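In what follows, chains are A, B, ... by sequence order, proteins preceding strands, each numbered from 1. Below, each value reflects all heavy atoms present in this structure, side chains not excepted, and no hydrogens, waters or symmetry copies. None of these values were measured; they are calculated from a predicted model.
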Amino acid sequence: MAKFKFAEAIRAALDDEMAADDSVVLMGEEVGALGGVFTVTKDLIDKYGPDRVMDSPISEGALAGFAAGAATEGVRPVVEIMFSDFVMLAMDQLINFAAKIHYMSNGQFSVPMVVRLPGGAGTNHGPQHSQSLESWFAQTPGLVVAMPSTPSDAYWMMRESIRLDDPVMFFENKNLYFRLAEEIDPTEGFRGLGAAVRREGADVTIVSAGRMVGMSLEAADMLAQDGYSCEVIDMRYLWPLDLDTVARSLEKTSKLAVVYEAVEYGGWGSEIASWAAAEHFMDLDGPVTRVGSHRVPIPVGVPLEEAVVPTPASIHQSVLELAKY
Amino acid sequence: MAKFKFAEAIRAALDDEMAADDSVVLMGEEVGALGGVFTVTKDLIDKYGPDRVMDSPISEGALAGFAAGAATEGVRPVVEIMFSDFVMLAMDQLINFAAKIHYMSNGQFSVPMVVRLPGGAGTNHGPQHSQSLESWFAQTPGLVVAMPSTPSDAYWMMRESIRLDDPVMFFENKNLYFRLAEEIDPTEGFRGLGAAVRREGADVTIVSAGRMVGMSLEAADMLAQDGYSCEVIDMRYLWPLDLDTVARSLEKTSKLAVVYEAVEYGGWGSEIASWAAAEHFMDLDGPVTRVGSHRVPIPVGVPLEEAVVPTPASIHQSVLELAKY
Amino acid sequence: MSTTPQQLLELYRLMVLTRSVETAIERAHRAGRIAGSFHSSLGQESCAAGVCAALRPSDVVTSNHRGHGHALSKGVSAAAVIAELYKRTHGTSGGRGASMHLHDRASGFYGETAIVAGGVPWAAGVAWAKKRTGSDDIAVSFGGDGAFANGTFAETIRLAKFWEAPCLFVCENNGWAHSMPVERIFGPPGSITEVVRAMGVRAECVDGRDVAAVYEATQELVTHVRGGQPAFLECVVYRVRAHSINDADYRYRGKTDGADWLDSNDPIAAVRHKLDELMAGHAAAVDDDVTRIVAEAVARAEAGQSPTPEDAFKTVYASEGLEWHGQVQVR
Amino acid sequence: MSTTPQQLLELYRLMVLTRSVETAIERAHRAGRIAGSFHSSLGQESCAAGVCAALRPSDVVTSNHRGHGHALSKGVSAAAVIAELYKRTHGTSGGRGASMHLHDRASGFYGETAIVAGGVPWAAGVAWAKKRTGSDDIAVSFGGDGAFANGTFAETIRLAKFWEAPCLFVCENNGWAHSMPVERIFGPPGSITEVVRAMGVRAECVDGRDVAAVYEATQELVTHVRGGQPAFLECVVYRVRAHSINDADYRYRGKTDGADWLDSNDPIAAVRHKLDELMAGHAAAVDDDVTRIVAEAVARAEAGQSPTPEDAFKTVYASEGLEWHGQVQVR
Ligand SMILES: Cc1ncc(C[n+]2csc(CCOP(=O)(O)OP(=O)(O)O)c2C)c(N)n1
Ligand SMILES: Cc1ncc(C[n+]2csc(CCOP(=O)(O)OP(=O)(O)O)c2C)c(N)n1
Ligand SMILES: [Mg+2]
Ligand SMILES: [Mg+2]
């Protein structure tokens, strides 16, 4: 079976969905002739032509509205926002229109659109190209928020997202694009909006998503050395949240750590932490632990970025404290 | 002493700061000739002229950037975004520029700007005019977030916000504007970014802000009938968070409920809930309780809105459960 | 293309219908039967009527906050419009949207939006989507003069040109964006048209007091747009009423400015005069018809059902499995 | 206004300085000494030089992602620019911004921005703020052709006109917005200028290959702007290098397109030729000077200090009491 890097896996998903359904189109800056600044849409314009792989002027706001508008008429656009930071120019159309029109129109219109959002720190791109904005969208009614951590998931979750009838904010971590390749079994099937247990363990449940899953697994390795066994859960979707999977894990471990790259303050991990502190109050054997980014802009330079966002070391340290509790 | 409604108190604060400092200017749609759709800037154009009370075209994005730019040059703009929902058109300039330029420039520029954001449900304005977006900004490094609940606080917090050297997102709840008037003692002084204990109590700590403070106090009255004494804390600022005041209260009560109008999922109340579940894990005698808005758009019509946002009744119900725990 | 008497009568009907519906809503508001906002298009009904009369049922319209005329002229029933303002379940949006939230897919009236310029990209996207299926249906977006200050408007025009979306952008220049006189931002009527022309898009400016002129100008542009390119129409009208029902417009203009303008410029009066000459009695019959329809619509709205609190949780999501949820969906 | 030989020499110096600094950065990048992005202005140095030479030290410039030439031409030292690209503490932004984040208030170079069109309203706001203190200083924003597609650009021009901000908007039309040819969006050179003119703002278009022409055109517009009104200058140049250092531009244009253009259009070569005729030896002396300055700057950057992890937490807030904080500030 062929192996796919993360970026290639997304491309394969786009390719397969475009082949299967003529209503799937790609729109965004540099998605066509260049094939995407992260190569995700490479060569697709040759295969599907400029009417389906559409290079856009630098007009994120109108683009988002145009795509959402087309979606109400049955098109399934996949819009690339080159860096997720630029989505701020499209917030009005995404939140005030795309996320709400199904509701506002009493169900007359729906917006089957995917917005691809390369995000996260770690690539030396500076404060305006490195944010993790997923928490904003996870809070917003009307949106689905996807955040894959592996090539297979990226593939299946993209295909699934394209087929949903609601706007999906699809967060792709830039650091993952060219990581280790993975086989994708095309017969394996859709993920079904659920979480995945990436590693089984009995002492602490670590919940994370996206790039933080790999770091959490590294931290779990270190914790194993310390004599603690961690269960690592990959949420995959930040909305809807598959809390059943977390609950099952907590039954075993009674200790919860949530690891996320977004700003710790009120991020999506706070939702899970708060939920656990409410719904599993009696079961918890240790403080609910969050490891998120500090509430500062993302600087450039590896040592500075690492001081701001979670790392295997900082995850290890926080979870070890919890494990020992 | 004169009495001021909430809207009048903000106007008085603007007036007093404009009188004291020529660098304070007002910018926004309808702030001049009309005096603001909520009358907040009424008559100020007559007193300070159109060069300081500046009616803007409907260009929220450029307006925010223009004002922030002027702020880097020593102006202290107070920008009105007529309904906080429209701020989505200004996110890029507010978050990618105003909130970050002090950091990005290594301290060379600062943005002493206040953005006034009338928000919240309850006025029959529908899904695109009723959102509570404060959680987004509370998460964002570089911003201060203010949310007064009383006329006196509105007055002092506005004056304090104008004097801060950072961008302040000043959330004004539309329902409060024309509520009961209150005396403002001009000698009373600045609030100092701290929280206020609105009601003392021993059984449960209720933390809230803005419009929810009044509702929490109503719920506390009902709980007193039930035989429970609640301490009600008004956070005033969602960043920085005065958690010391909450901690002191929790020492007494050991039970925490956080009440907020923003979407419950990952809202600012989740930050306080998560913090308590981590830092006060051992002290808590009951599940950490959150009462926020359901994750649905805000419909129009009182009964529908009340089904979506917290009400005294729903707060009472949740807190009673906690009190009984 | 010149307007036939029969066509003129139809234009008259659309205008009178709008005026009558809006007058009824205004009355209900003042009587405390309706809460919320309300933006009257009194005096500028000609723009909605003239443009929509040049469209097919399968063409699509998006609108702004002042959209009752657009909806009615595109064929939405008076009953559904009035009921929505009353927040009734038989309203266009199930009573859950009310003012600024009329939507009626079946009539091709995709809807109002409460965000200035918010509906402009929607129309362009729909137009493009329709074209891609081989249809020569078009979409029309209605926006005000104030909306042109929102950068999204220009972005969308450029995008529509680039991607060849058959979209007609109508700019209703009614002299005001709330308290802002249009001249202060854009200059005299026709100035916005010049900007769009400089963008390489066909653009015309028409005197909106003359509904037949609007109709004819639109017909020409629609032909162009069906050919696969966007176009722009500035329609110069006047906002007679205050910006919204509770607006203190006396603070920024003369108390009688609106009424004075209407006295000598009413687009309905002009047509009525002509029709009475051309085909006596027909216009009066239309009046009667409209009066009856609107009275019935009001009665139905008054007697209608309101949505229940549970309805607040409906249609948040369209996807199977996500249709209903509380606040956090647990699988 | 015609350019004197002495002025031409200064324009030459600014262009050579920019080319030399960017060449050094490019080399350091390829040698793995610098990580991150880098957008070269090779071949279009004339725009930055010609515009900035017409400004005062107390005038202000904001810039975009391709701003090394803007910074250097406004008087930022080569040492500070190169050090910032190296992420050194003696860089313009303390080494915490790097590429696309040059800021030097002392030189009136307020800064780059990594958001396309992000710096445009900044300049307008600063210009207005300066005017309000009675100064006749102005501000200039540099943006690309692509930036004009961002609606914020047009919004800002309109706002600057309305509020009479003395701001000069420079649009560097370099033929490309990354992989998008400018003609596909806007048409031939000068088209953007026509749109701005239609907005009622004075706008000129100049051949950017001729640095003296840029300088002279700017001087004229600057006089107008100091009078208290915005203006616009489209400067037609060409992007010789790939969009950024890692851009696969061969995917969307011929491999030698950039080099070919430079061969016959290099704005530096043209001036050099003229200067050697006018004042032999002077240009060569400038070359030597620049070479030495840049070599020293590179050496200092190579030997410079990097910020520490603690520095990541500095200058998040400016207000007293908020300057430092961890993640949640507890009073
Ligand atoms: C983005 C946004 N900004 C501001 C408003 C508030 N607002 C509603 S209507 C209006 C004036 C609109 O003027 P125009 O587009 O000319 O339409 P008109 O009301 O004259 O029909 C304003 C400022 C809004 N709804 N959306
Ligand atoms: C809002 C936004 N959208 C997209 C980008 C990505 N991007 C960076 S530069 C660029 C092209 C800019 O073209 P132009 O304005 O012509 O400047 P040039 O690069 O040609 O100097 C793009 C699309 C960005 N930085 N910001
Ligand atoms: Mg108007
Ligand atoms: Mg360019």
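With contacts defined as side-chain heavy-atom distances shorter than 4.5 Å, the pair D:Met199/C:Phe186 does not qualify.
Between C:Ala198 and D:Glu194 the shortest heavy-atom distance is CB-O, 3.7 Å. Listed here is the closest heavy atom pair of D:Glu155 and C:Gly151: OE2-N, 2.6 Å. Here the shortest heavy-atom pairing between D:Phe162 and C:Met180 reads CZ-CE, 3.6 Å.
At a 4.5 Å heavy-atom cutoff, the contact between D:Arg184 and chain C is made by backbone and side-chain atoms alike.
In terms of heavy-atom pairs under 4.5 Å with chain D, the best-connected choice from C:Val196, C:Ile185, C:Thr156 is C:Ile185.
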